[in-house]
Q: 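Quick one: this structure, given as structure tokens, is what I'll be asking you about.
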Amino acid sequence: MANTRAEAFAPATVANLGVGFDILGMAVEGSGDVISVERRAEPDSIIISIIGDNGKLPIEPDKNVATIAANALLKAVQADFGVAIRLKKGLPLASGLGSSSASSVAAAVAVNALLGEPFKREELLPFTLEGEAAVSGYHADNVAPCLLGGITLTNGTEIEAIRKLPIPENLYLALVSPDVAVPTADARAVLPQEISLKIMVHQTGAVAELVDALYRGDVERLAKAMESDKVVEPARAHLIPQIEEVRFVAKRGGAMAVVISGAGPTLCAICDDADVAKQVTMSMKAIYDNVNIDCRIRSGKVLKDGAQVLKAE
Ligand code: HSE
């Protein structure tokens, strides 16, 4: 049944899981983006308001990821109307928490709900990718876990290329997001274009170890595999303030690994206990407090379900 308005939530995501550049990602419990959409007679979608971006996001329909995703979906069903979008940003911009993916996903899920759910959840992937591609390139390592929840392997951008992987029961995450923007495009520009055969063997071995550890529910081996990246993190580490100090205190506090979340600057510590994860977030925050860099923290588990429809009426 078609509706006149709908609202959807989309969570934060951690892409790459260290060694799985552009192919692995996971959804994280806690705040995310909320988008409400309202049917409008005119065929194009527009942004009515954005809260929580400090005026930084574009409102032009061809530049905002939410309108791009919404319009891609509406075009696919040959709708002769558009939507008016209200966006509440719960995620900091350019922080490595999949902020643009969350807005694209929340928009697609809300518009799908408005239309009475003509598409299954996974069928929304192409529309969310349209939005994501506008800001950070055509890869699904954030949008897939954001849309579907859990830990995902995205070996391509087709729906068939997405696999949900098992979530270890005792996997807890501690995240710190220093208030420095690292745009994904800049963080990709510093990456090597070629790697040696020796490094390739190491990286593929580490990804295989990681997937095996997920299937066995072994958080310690998972953490070790995640942190063993020899290609992406070494090239990006200089973009993340105090990365080594944060890693040091996190591990001293019981974390098993610290990796860059997505393109950074958020850092994600891997823990096997909820209290340890909470304590580790506080220790990581103290490092940034010491150097007067504001930061946001969160700790929790992998979010099993992805984006949620909050309202459709
Ligand atoms: N895999 C991406 C990167 C994540 O690390 O550049 C951001 O979309």
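As the structure lists them, so they are numbered: ligands from 1, and atoms in each ligand from 1. Given the structure is predicted, the values throughout are model-derived calculations rather than measurements. The first residue in the sequence is number 1, and the count goes up from there.
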Q: Find all atoms of ligand 1 within a distance of less than 4.0 Å from any non-hydrogen atom belonging to D22, and give their numbers and elements.
A: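 Once the distances to D22 are compared, the set is 1 (N), 2 (C), 3 (C).
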Q: Identify the protein heavy atom lying closest to atom 8 (O) of ligand 1, giving its residue, its atom name and the separation to 0.1 Å.
A: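 That would be H139 CE1, 2.9 Å.
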Q: Should you measure from each heavy atom of N142, which atoms of ligand 1 turn up under 4.0 Å away?
A: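 Here the atoms of ligand 1 in question are 4 (C), 7 (C), 8 (O).
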Q: Between E29 and R298, does at least one N-O distance fall below 4.0 Å, as a salt bridge requires?
A: no
Q: Ion pair present between R216 and E209, side-chain N to carboxylate O less than 4.0 angstrom?
A: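 Salt bridge absent between R216 and E209.
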Q: Which heavy-atom pair separates Y215 from K164 by the least distance, and what is that distance?
A: OH-O, 4.5 Å
Q: Give the minimum heavy-atom separation between A94 and P265, together with the two atoms involved.
A: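 So the two residues come closest at O-CD, 3.4 Å.
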Q: May I ask you to list the atoms of ligand 1 that are less than 4.0 angstrom from any heavy atom of D141?
A: 1 (N), 2 (C), 4 (C)
Q: Within a distance under 4.0 Å of any heavy atom of R188, pick out the atoms of ligand 1 and give their elements.
A: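 Going through ligand 1 atom by atom, the ones under 4.0 Å from R188 are 1 (N), 2 (C), 3 (C), 6 (O).
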Q: Strictly below 4.0 Å, N to O, side chains only: are K75 and E130 in salt-bridge contact?
A: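 Salt bridge flag = no for E130 with K75.
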Q: Would you mind running through ligand 1 and noting each atom that sits below 4.0 Å from a heavy atom of G262?
A: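 Numbered from 1, ligand 1 contributes 5 (O).
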Q: So if I count the atoms of ligand 1 from 1 in the order they appear, which ones are less than 4.0 Å from some heavy atom of N16?
A: 1 (N), 2 (C), 3 (C), 5 (O)
Q: Has R236 got any heavy atom lying under 4.0 angstrom from an atom of ligand 1?
A: yes
Q: Salt bridge between D294 and K285, side-chain N to carboxylate O under 4.0 Å?
A: no
